[in-house]
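Below: the structure, in structure tokens.
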Amino acid sequence: MTATEPTTTGRDATARSHWAAVSAVAFGTFLLVTAEQLPIGLLTPVGSALSVSEGAAGLMVTVPSVVAAIAAPVVPVLVGRMNRRLLLVALMGLMTLANLASALAPDYPLLIAARVLVGVAIGGFWAVAGGLAVRLVPAAHVPRATAIIFGGVGAANVFGVPIGTMIGGLASWRIAFGALGALALAVLVALLVVLPPLAAARPVGLRRLAGQFRDRGVRVGILATFLIVTGHFSAYTFVSPVLRELSGIDGRLVGPLLFGFGVAGIVGNFVAGAAVAKRLHRTVLAIAAILGVTLLLYPVAGLSAAGGVTLLVVWGLVYGGVSTSLQTWMIRAAPQAVEEASALWVAVFNLSIGLGALAGGAIVDALPLQGILWLAGVLVLLAAPTVWSARRIAGLG
């Protein structure tokens, strides 16, 4: 049995029963992204309450992202053959405790320490969950199952981050983090109920991880991920001040606009999920080109409320397809080593979130806000020729 095969007996049973497991994992990705990105909407209240600048408060995004990047390849290596069902449940338990610790943190250093634990949970969970579609459903349904799993990303932008931001504004940022802890506990229970046993057919080793870089398709996927995600988060981490200060939008409308961003992201996720099943290479290429142009246009065409809102919706629609399309790219590039390739991809994805937030924080503290949009657009656009170079690689067409 290979790592890409279902671990239960009976292909028909898999097709019938494991869509509930796919949905539970999607709830897990919803929680992960909400936990990682919620501070984006809470930078001002947290910074004010704990006496740190908005740039410093951005470390609440950077730290767990960098830790997740380390945890993604390390956790699978450390746990060896541990049943992946038990691993996912344990990591969700860690997420529950970490968010409760964030809610109770009396000062900024302890809040950052709690965010480190969030990063461990994110990296370990996502490294396993990202490639689970191939183990839960028949091969013909993998693109749709992957889109559902990563639908949690868009749902986090629609419901998690905006609702958490509104809770933080109406009540307290501590209550917002506490609500995340309660949600993590609910996801833990759901995973226990519907996730089948997922025995590791072989342990993930450092040699197998490093060996993935010999595959050109994997290398292109990782580089494209780095450029697109770093570019996106260098700007998106500070989307609230961008909307307020560049587009002249009332701060009270930021939460609803992030909701709209997330709705567009959900649509983009499922559009991309359908497109990659037929034209994976062209889909990823289109995402890189359109997203890059959108970000470069914002400092010019987004200086009014109408322009800013229009570009924000396009931004959300296009970025919504990133996770599904790039995860599918990695699955097709390394069909016999899905967990290893996924672990590397998740590591780069989360490292890119952290680096993007860090770069954006440095720029926003030193230069006009337009600077982060120019940086973001250039980085994302650079992914287009990278993806184009892989047009002749088998399986990625």
Side-chain angles (χ1 to χ4, degrees), residues 37 40-41 43-44 54-55 58 61 154 157 161-162 165 224-269 271-272 282-322 325 352-353 355-388:
Q37 298 185 21
I40 292 173
L43 293 183
T44 300
E54 285 191 351
V61 177
N157 289 314
V161 175
T165 300
T225 299
F226 173 78
L227 292 169
I228 293 172
V229 178
T230 300
H232 166 75
F233 276 96
S234 67
Y236 184 68
T237 301
F238 300 94
V239 67
S240 293
V242 165
L243 291 171
R244 294 194 311 268
E245 297 176 29
L246 289 187
S247 300
I249 293 171
D250 191 307
R252 293 171 295 182
L253 297 177
V254 169
L257 286 175
L258 291 181
F259 182 89
F261 180 96
V263 170
I266 288 180
V267 174
N269 173 72
V271 169
R282 292 182 184 179
T283 301
V284 177
L285 182 63
I287 286 172
I290 297 171
L291 182 58
V293 170
T294 299
L295 291 167
L296 289 173
L297 280 175
Y298 204 109
V300 177
L303 301 183
S304 66
V309 170
T310 299
L311 289 172
L312 184 71
V313 171
V314 175
W315 183 356
L317 180 67
V318 179
Y319 186 76
V322 167
S325 60
S352 300
I353 293 174
L355 290 176
L358 185 63
I363 290 174
V364 81
D365 282 345
L367 298 173
L369 278 172
Q370 288 91 334
I372 60 172
L373 294 163
W374 289 115
L375 170 67
V378 169
L379 285 175
V380 174
L381 209 54
L382 285 174
T386 301
V387 173
W388 175 257

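Sequence positions, counted from 1, serve as the residue numbers for this chain.
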>> Rounded at 0.5 Å granularity, tell me how far NE2 in H232 sits from OG1 in T237.
In response: 7.5 Å
>> How close do V387 and A224 get, counting heavy atoms only, and between which atoms?
In response: CG2-CB, 3.8 Å
> Can you name the closest pair of heavy atoms from S325 and V284 and give their distance?
Replying inline: CB-CG2, 3.9 Å
> For the residue pair L373 and A235, what are the closest heavy atoms and their distance?
Replying inline: CD2-CB, 4.0 Å
> Yes or no on side chain to side chain contact (heavy atoms under 4.5 Å, CB included) for F226 and L355, after CA distance, side-chain angles and deciding distance?
Replying inline: CA-CA 9 Å; F226 173 78; L355 290 176; 3.7 Å; yes
> Under 4.5 Å between any side-chain heavy atoms of T386 and L382, yes or no?
Replying inline: no
> About how many Å separate CG of L296 and CG of L381, when rounded to the nearest 0.5 Å?
Replying inline: 6.0 Å
In residues 251-266, what donor-acceptor pairs under 3.5 Å come from side-chain atoms, sequence neighbours left out?
unit_1 : atom_1 : unit_2 : atom_2 : d
R252   : NE     : D250   : OD1    : 3.2
R252   : NE     : D250   : OD2    : 3.4
R252   : NH2    : D250   : OD2    : 2.9

> Between A288 and V380, which heavy-atom pair has the shortest distance, and what is it?
Replying inline: O-CG1, 3.4 Å
> Do you know which two heavy atoms are closest between G360 and F238, and how far apart they sit?
Replying inline: C-CE1, 3.3 Å
>> Nearest 0.5 angstrom please: I287 CD1 to L317 CG, how far?
In response: 9.5 Å
> Taking only residues two or more places apart in sequence, or in another chain, which ones meet S247 in a side-chain hydrogen bond (donor to acceptor under 3.5 Å, both in side chains)?
Replying inline: Y298
>> Applying side-chain hydrogen bond (donor to acceptor under 3.5 Å, both in side chains), can you list everything that pairs with T225, at least two apart in sequence or on another chain?
In response: W345
> Where the side chain of T310 meets the backbone of G307, is there a donor-acceptor pair that is under 3.5 Å apart?
Replying inline: no
> Is the F233 ring parallel, tilted or perpendicular to the Y236 ring (thresholds 30°, 60°)?
Replying inline: perpendicular
> At what distance, to the nearest 0.5 angstrom, does CG of L291 lie from CH2 of W315?
Replying inline: 8.0 Å
> Got V242 and I372 here, is their nearest side-chain heavy-atom distance under 4.5 Å?
Replying inline: yes
> Where is the tightest heavy-atom contact between A376 and S234, given as atom of each residue plus distance?
Replying inline: CB-OG, 3.5 Å
> For the atom pair CG (L295) and CD1 (I290), what is the distance rounded to the nearest 0.5 Å?
Replying inline: 12.0 Å
